[in-house]
Amino acid sequence: MNVDSLTQFIENDRVKTDAESFETYGKDWTKHIAINPIAIVFPKTTKEVISLVNWARQNKVALVPSGGRTGLSGAATASNREIVVSFEKMNRILNFNEFDQCVTVEPGVITETLQNYAKDKGLLFPVDFASRGSSQIGGNIATNAGGINVVRYGLIRQWVTSLEVVTGEGKVMQLNKSLVKNASGYDLRQLFIGSEGTLGFITQAEIAFTRPPENPTVLLFAVPELDGVMKIYHAFKKRFSLLAFEMFTDVAKNYVMRHTGQGEPLEESTPYYVIIEIDNTSETEIEAAMEIFESSMENGWLVDGTVSQSAQQSQDLWRLREDITEATSAWEPYKNDVSVRISKVPEFLTSVDQVLKSEYPDFETVWFGHIGDGNLHINILKPANLTSEEFIKSCHRVDEILFEKIESFGGSVSAEHGVGLTKKPYLHHTRSPEEITYMKAIKAIFDPDGIMNPGKIFD
Ligand code: 2HG
Ligand code: ZN
């Protein structure tokens, strides 16, 4: 395929075909998938995106949308002679509507830039996660991003008030137009959120902000038994509107400590840790937290704990949780991102523990996650004596066992990272044949030529 004709509507220097650009833009954080793009393009306007879609339809070339490339399921990977459409040059914050407390953005705005923009206005963009410094809003929306504050603020789905999209037919639509109430039929905006670029491109979005918490305070607890994690959750959830409730294991903590040079956060070292964030608005709040801490200690659910006294301390405690992905990346982790409904988490954790111990006796496993949302991240680290292929093959065998369990719990094979390429073979454990058939039919309507990120989610 000759991509030279792309320059009829996109300037020469925004069409790249060199090896270095392919290496950078051809994939996301899912490093083990071989890439094979034919070009990387950088549109600057919705008009250029429309021309690109029309060109792709005529030339029967597939397009892969690409944001900050922090995805973990291969959804932004070009492995089959596609053109990668990077939105990094569509990165303007266009307009802040003070009355509605909504901001209009282009898809390439970095998540952290939007968070800081909200902060400058005395407001909060509440979607937050470790890759905030590189991930982009378009990608966040296309994957319905979650993160560490979902327990309080929900997924990004809740904060997108309006979307401009270009469908796989090259048609532009303004979806929902920031109406709070709009009972005029199907909400196509929500259909595009989380569609992983399989229906069309997001070219603009309006996002709502909210009031920030007054005094976010972090608590870290040392938990001796797995069973204690959700008992602590239940006790806190009954009393607080939690801002976050996360867990990680000592294995995860040790990787972070080695990576960052941080010391032990607590005197006691235990197999599990819980990190909680509350809005410490008055003496009563912290007293209530201390009461729960003491009763949890009496019950043996935790053996040690600390409370952040400053923003710096909060940040240091959060690093123990947020730096896990980076601290383990050299071990080529095989990633699972699973969920069950919250009330099933205790039983689910015990069951996963058994599977991992019996099936991965020789592999190091690192668990952590947004356990207050029922979402567990399981990272299996590659032993040095195995090749990547051998390692992934063994992980796939265990996936079958793990996902059977997930299915029996009515859970999901992908809680927040998306399906992309890596979870595609397992979609049927979460979605019924009828659901998958309807999803394919929906795609065929928006993308009749199958040019929009084909092969992602399903074939
Ligand atoms: C997180 O919660 C991210 O830190 C990454 O979703 C999870 O690396 C992972 O498995
Ligand atoms: Zn996560």
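Order of listing sets the numbers, starting from 1, for every ligand and every atom in it. These values consider heavy atoms only, across backbone and side chains, with no hydrogens, waters or symmetry-generated copies.
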Taking the six-membered ring for Trp and the full ring for Phe, Tyr or His, determine whether the centres of [X] and [Y] are under 6.0 Å apart.
| X | Y | result |
| --- | --- | --- |
| Phe42 | Tyr25 | yes |
| Phe125 | Tyr117 | no |
| Phe363 | Phe391 | yes |
| Phe221 | Trp301 | no |
| Tyr334 | His396 | yes |

- prompt: Relative to the heavy atoms of His370, which atoms of ligand 1 are at a distance of less than 4.0 Å?
  reply: 2 (O)
task: Go through ligand 1 atom by atom and flag the ones less than 4.0 Å from a non-hydrogen atom of Glu416.
output: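 Matching atoms, with element in brackets: 2 (O), 6 (O).
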What protein heavy atom lies closest to [atom]? Include the residue and the distance to one decimal.
| atom | result |
| --- | --- |
| atom 10 (O) of ligand 1 | Asn379 ND2, 3.0 Å |
| atom 2 (O) of ligand 1 | Arg321 NH2, 2.6 Å |
| atom 6 (O) of ligand 1 | His417 NE2, 2.7 Å |
| atom 5 (C) of ligand 1 | Thr325 OG1, 3.4 Å |

Tell me the contacting part of [X] for ligand 1: side chain, backbone, both, or neither, using a 4.0 Å heavy-atom threshold, strictly below.
| X | result |
| --- | --- |
| Leu72 | side chain |
| Glu322 | neither |
| Phe129 | neither |

Verify whether one side chain among [X] and [Y] offers a donor that lies under 3.5 Å from an acceptor in the other.
| X | Y | result |
| --- | --- | --- |
| Asn140 | Thr111 | yes |
| Glu106 | Thr203 | no |
| Lys456 | Asn453 | yes |
| His377 | Glu416 | yes |
| Gln312 | Ser310 | no |

query: Mind counting the protein N, O or S atoms sitting less than 2.8 Å from the Zn ion (ligand 2)?
result: 3
query: Is the closest heavy atom of Asp337 to ligand 1 under 4.0 Å?
result: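 Not so, Asp337 does not reach ligand 1.
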message: Just verifying a value: how many Å separate Asp337 CG and Ser414 OG, rounded to the nearest 0.5 Å?
response: 4.5 Å
